[in-house]
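Have a look at the structure below before the remarks.
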Amino acid sequence: MYGVRSCAGQRHVVRSIDARITVIGTTPADRLTDLLAHGQDIALSLGITRDMPIPAARMAIDRIWTMGAPFHARKKFTGYRLVATDTDWTAGEGSVIAGPVVSLLLIVTGRRQGWDQLTGDGSALLGEDDRR
């Protein structure tokens, strides 16, 4: 098991699973975003399909778009308009990058896996090196 190597460490993780506190400087939306993005990381790595609820993904992408660090999504996607095709969500101005909100959430959090489901002239313009 990676990360937690002792029985005491495992007990600590198990005891904290249902914690209802938020770390200072974060919001519940930050925890939701972590859960959604990292859950997709794991599922994609294992080749598992993991559905992400669209309302949750919309809430998470709203949070990512409005915050600065660590993703700086507004700065990274300056000159692009992100458009969700499965819910009422858009952000930015410029060349369009369109697709499911889940794929947009993945790209604004720096994942490459979302790009294959996106379309629009902005999707073609953003270079491979910028897709991180």
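Small disclaimer: the values here were computed from a predicted structure and weren't measured.
- With values rounded to the nearest 0.5 angstrom, R111 atom CZ is found 13.0 Å from S103 atom OG.
- Using a 4.5 Å cut-off on side-chain heavy atoms (C-beta onward), I107 and W115 make contact.
- Counting only distance, with no hydrogens or angles, the side chain of D86 and the backbone of P100 share no donor-acceptor pair below 3.5 Å.
- Rounding to the nearest 0.5 Å places CG of L36 at 14.0 Å from CZ of R63.
- Of all heavy-atom pairs spanning I61 and L105, the tightest one is CD1-N, 3.6 Å.
- With hydrophobic clusters built from ILVMFWY side chains whose heavy atoms lie under 4.5 angstrom apart, V96 does not share a cluster with Y80.
- Judged by distance alone, the side chain of R58 and the main-chain N or O of D88 form a donor-acceptor pair under 3.5 Å.
- Listed for the R31 side chain is no donor-acceptor partner under 3.5 Å among the backbone atoms of A29.
- Taking the six-membered ring where the residue is Trp, W65 and W89 present perpendicular rings, their angle passing 60° and hence far from 30°.
- Taken from CE in M59 to CG in L32, the straight-line distance is 6.5 Å, to the nearest 0.5 Å.
- In terms of heavy-atom proximity, S123 sits nearest to L118 at OG-O, 3.7 Å.
- Distance CG/L104 to CZ/F77: 8.5 Å, rounded to 0.5 Å.
- A donor-acceptor contact under 3.5 angstrom links the side chains of T90 and R81, judged on distance only.
- Expressed to the nearest 0.5 Å, how far CG of L44 lies from CZ of R112 amounts to 14.0 Å.
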Derivation and outcome, side-chain contact (heavy atoms from CB on, under 4.5 Å), residues Q40 and M52:
CA-CA 8 Å; Q40 281 302 106; M52 191 183 296; 3.1 Å; yes
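- A distance of 11.0 Å separates CD1 of I64 from CG of L106, quoted to the nearest 0.5 Å.
- For the residue pair R74 and T66, the shortest heavy atom distance occurs at NH2-O, 3.3 Å.
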Going through the distances and angles, do I42 and R50 end up as a side-chain contact (heavy atoms from CB on, under 4.5 Å)?
CA-CA 9 Å; I42 294 165; R50 180 175 182 266; over 6 Å; no
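- Nearest approach of G122 to S95, heavy atoms of both residues: CA-CB, 3.6 Å.
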